[in-house]
There are 2 protein chains.
Amino acid sequence: MPAADTPPPAYRRRADAERNVAALLEAAAASFVERGVDAPVRDIAARAGVGVGTIYRHFPTRADLVVAVYRHQVDELAAPAATDAGSPSAALRAWVDRFVDFLVTKHGLAAALRSDDPAFLALHASFLDRLVPVCDGLLEAAVAAGECRPQVTGYELMRGIGNLCIGAESDPRYDARRMVEVLLDGLRPSS
Amino acid sequence: MPAADTPPPAYRRRADAERNVAALLEAAAASFVERGVDAPVRDIAARAGVGVGTIYRHFPTRADLVVAVYRHQVDELAAPAATDAGSPSAALRAWVDRFVDFLVTKHGLAAALRSDDPAFLALHASFLDRLVPVCDGLLEAAVAAGECRPQVTGYELMRGIGNLCIGAESDPRYDARRMVEVLLDGLRPSS
DNA sequence: CTTGCAAGCGGAACACCGTTCCGCTTAACT
DNA sequence: AGTTAAGCGGAACGGTGTTCCGCTTGCAAG
């Protein structure tokens with residue numbers, strides 16, 4: 001499975017291949033916006049002006065494509081917060097807000113993270129490997145400061161937040177942000 | 001769309017049809033356990049010893065089949081609690097526990113409730129119509145007693161709980177029950 | 001018991017999807 | 001210009017949901 005995004009891949013890729021990968025990433029991003037991360041392979045290929053075989057050559061599994069499309073945004077989530085939040089729990093809340101913003105704007109991504117479809121398996125691994133340590137660090141700091149009860153692990157918290165974001169984009173009566181807030185409130189030490 | 005479960009359907013159904021409906025319900029229930037509520041139509045039909053056309057005749061949409069299979073359990077959830085819980089918030093918690101138990105033991109049902117697949121549309125309506133009033137009543141009582149903050153609607157709470165149950169059956173590191181507990185804790189009045 | 005009819009049935013057929021595979025094209029280096 | 005293999009396209013396959021229509025059969029009337 002090729003890196004598919006990092007500019008210097010050890011030994012050069014052919015120029016047309018490079019072009020196709022770029023076109024595919026752009027086409028996939030557009031299709032994901034319009035039809036969600038389950039957008040049909042053929043649609044993406046057609047939009048990029050390539051055959052379906054070309055998709056599978058560069059992105060053997062759907063997860064590879066999704067990861068590549070959202071690589072930069074995940075990088076930003078994995079990076080330390082730009083501004084100081086004042087307290088460990090405020091820092092946790094700020095990060096969770098960013099995470100929710102990311103998920104809520106991606107059709108079907110939150111659901112894909114919970115899918116047992118083998119094509120999405122690598123997605124769990126990739127996203128969680130990157131983000132769970134961040135979440136865990138923030139959570140443990142808040143716990144150490146006595147601002148959170150140690151009820152859940154960082155992993156569980158991320159999964160719970162991800163779950164609360166599922167379907168939010170198509171249900172005007174459901175406010176994922178508020179639900180996540182309530183979940184975090186549930187971690188506050190009892191009076 | 002036939003009632004498919006109530007014994008007296010106004011004008012009698014043919015005896016073989018009645019047998020087939022019963023066989024289908026049994027086959028579907030078994031398939032749902034083994035392969036989840038997305039079990040292939042052909043599998044269910046084969047198991048019941050009927051053709052696929054027969055499924056669609058009695059259950060035009062997958063939602064109809066799912067609703068029929070779980071009808072009794074939903075009825076129980078819609079019925080008032082058998083025992084007095086002591087306080088409105090304890091009653092809410094008890095009911096939520098039952099709801100979670102129901103969802104967690106059904107492969108893919110929680111996810112189906114969030115699916116935007118048109119075949120599942122009627123599922124949202126049916127389940128929510130039955131259960132949201134119950135949840136709303138319990139929640140409002142708890143709010144009135146000052147045991148819950150009025151942060152969310154009964155609808156949102158049910159959606160949130162349902163979401164927290166997605167994928168729980170296949171992830172040993174994730175405890176849906178505990179997450180739901182935390183969510184409910186988030187509704188307690190702040191110290 | 002025979003007959004007529006429509007409810008009901010089966011499964012072929014169709015549309016769509018992910019995925020694989022292989023013969024052809026073409027970039028890149030000599 | 002020649003050589004080579006990386007890369008490409010899209011036909012083909014298997015699995016799905018869904019529709020459709022000719023045949024079967026329960027059932028009631030004669």
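Numbers restart at 1 for each chain; the letters A, B, ... are given by sequence-line order, proteins then strands. Here the structure is a predicted model, which means the values were calculated and not measured.
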Listing, residues 135-148 of chain B side-chain donor-acceptor contacts under 3.5 Å, not counting sequence neighbours, or none:
from	atom 1	to	atom 2	distance (Å)
B:Asp136	OD1	B:Gly154	N	3.4
B:Glu147	OE1	B:Ser89	N	2.7
B:Glu147	OE1	B:Ser89	OG	3.1

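Going from atom CZ of B:Arg12 over to atom P of C:dG8 covers 11 Å, rounded to whole Å. The CD1 atom of A:Ile55 sits 13 Å away from the P atom of C:dC17 (whole-angstrom rounding). When rounded to the nearest whole Å, the span between CG of A:Asn20 and P of C:dT25 equals 17 Å. Regarding A:Arg19, its CZ atom lies at a distance of 11 Å from the C1' atom of C:dT26, rounded to whole Å. Straight-line distance from the CG atom of A:Leu65 to the C1' atom of C:dT19: 15 Å, rounded to whole Å. If you take OH of B:Tyr56 and P of C:dA12, they are 16 Å apart, rounded to a whole angstrom.
Of the two residues contacting DNA chain D, namely A:Gly51 and B:Val52, the nearest-nucleotide position lying further toward the 5' end is that of A:Gly51. Each of A:Asp16 and B:Thr54 lies near DNA chain C, and the nucleotide nearest B:Thr54 is the one positioned closer to the 5' end. Judged by closest nucleotide on DNA chain C, A:Asp38 is the one of A:Asp38 and A:Gly53 placed further toward the 5' end.
Applying the salt bridge (Lys or Arg N to Asp or Glu O under 4.0 Å) rule to pairs touching residues 107-125 of chain B yields A:Asp171-B:Arg114, sequence neighbours excluded. Applying the salt bridge (Lys or Arg N to Asp or Glu O under 4.0 Å) test to residues at least two apart or on different chains, the pairs with a partner in residues 120-133 of chain B are B:Asp75-B:Arg130. Screening residues 175-184 of chain B for salt bridge (Lys or Arg N to Asp or Glu O under 4.0 Å), with sequence neighbours left out, gives A:Glu156-B:Arg178, B:Asp101-B:Arg177, B:Asp175-B:Arg178. Pairs passing the salt bridge (Lys or Arg N to Asp or Glu O under 4.0 Å) check and including a residue from residues 20-39 of chain A, sequence neighbours excluded, read A:Glu34-A:Arg47, A:Arg35-A:Asp43. Here ring-ring contact (aromatic ring centres under 6.0 Å, His included) pairs that include residues 76-100 of chain A, with residues two or more places apart or in two chains, are A:Trp95-A:Phe99.
For B:Phe120, there are no ring-ring contact (aromatic ring centres under 6.0 Å, His included) partners, not counting sequence neighbours. Every residue meeting the ring-ring contact (aromatic ring centres under 6.0 Å, His included) condition with A:Phe102, not counting sequence neighbours, appears here in chain and number order: A:Tyr70. In this structure B:Leu113 satisfies the side chain to side chain contact (heavy atoms under 4.5 Å, CB included) test together with B:Leu103, B:Leu123, B:Phe127, sequence neighbours excluded.
When DNA chain D is scanned in the 5' to 3' direction for atoms under 4.0 Å from non-hydrogen atoms of chain A, the outermost contacting nucleotides are D:dA6 to D:dA12.
Put simply, the side chain of B:His124 gets close to the backbone of B:Ser115: a donor and an acceptor are under 3.5 Å apart.
Against DNA chain C, the stretch residues 107-115 of chain A makes no heavy-atom approach under 4.0 Å. At a non-hydrogen distance threshold of 4.0 Å, A:Pro40, A:Val41, A:Arg42 from residues 40-47 of chain A come into contact with DNA chain C.
A:Arg14 contributes no side-chain N or O that forms a donor-acceptor pair with the base of C:dA28 under 3.5 Å.
Both the sub-6.0 Å distance and the 45° axial angle are not jointly satisfied by A:Arg159 relative to the ring of B:Tyr174.
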